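In this text, all values refer to a predicted model and were calculated from it rather than measured experimentally.
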Amino acid sequence: MILAQAAQVADLSPLAAVGAALGASIAAVGAGLGIGKIGQAAMEAIARQPEAAGDIRSNMIVIAALIEGVALFAVIVSALALFL
């Protein structure tokens, strides 16, 4: 329903709306998987070397923020594909 409305507003084919939705969803799923993998690796690293937990945690947060930034960029590009 929302995709059809977006296609009507932008005067595009419904295929463009589906493509934008697929692009945004793939970016969101990829970001979720990437952050999950970072969390897993960080927990394993902290378990092996507990004295480095602060450094590992801060690096994990920085990397997660970078992944979120890339994911947001991908979602915005997908949304702009509807209107440009």
Side-chain angles (χ1 to χ4, degrees):
M1 184 72 179
I2 294 173
L3 294 176
Q5 290 173 352
Q8 289 174 355
V9 169
D11 195 27
L12 296 173
S13 70
L15 189 59
V18 170
L22 280 174
S25 63
I26 289 171
V29 169
L33 290 173
I35 291 175
K37 184 74 173 170
I38 290 168
Q40 175 189 3
M43 292 302 110
E44 288 176 3
I46 290 172
R48 291 181 185 187
Q49 200 170 13
E51 65 273 5
D55 292 336
I56 293 169
R57 187 179 307 116
S58 62
N59 287 331
M60 179 185 68
I61 290 170
V62 169
I63 293 170
L66 291 173
I67 289 175
E68 285 294 326
V70 170
L72 180 64
F73 178 73
V75 168
I76 296 218
V77 167
S78 295
L80 286 176
L82 285 174
F83 303 110
L84 296 179

For residues 68-84, tabulate all N or O donor-acceptor pairs below 3.5 Å that involve a side-chain atom, not counting sequence neighbours.
{"from": "S78", "atom 1": "OG", "to": "A24", "atom 2": "N", "distance (Å)": "3.4"}
{"from": "S78", "atom 1": "OG", "to": "A74", "atom 2": "O", "distance (Å)": "3.0"}

Could you list the donor-acceptor pairs under 3.5 angstrom formed between side-chain atoms of residues 56-67 and any protein atom two or more places apart in sequence or on another chain?
{"from": "S58", "atom 1": "OG", "to": "G54", "atom 2": "O", "distance (Å)": "3.3"}
{"from": "S58", "atom 1": "OG", "to": "D55", "atom 2": "O", "distance (Å)": "2.9"}
{"from": "N59", "atom 1": "ND2", "to": "D55", "atom 2": "O", "distance (Å)": "3.2"}

Mind listing the side-chain donor-acceptor pairs of residues 30-43 below 3.5 Å, one per line with the distance, residues two or more places apart or on another chain?
none

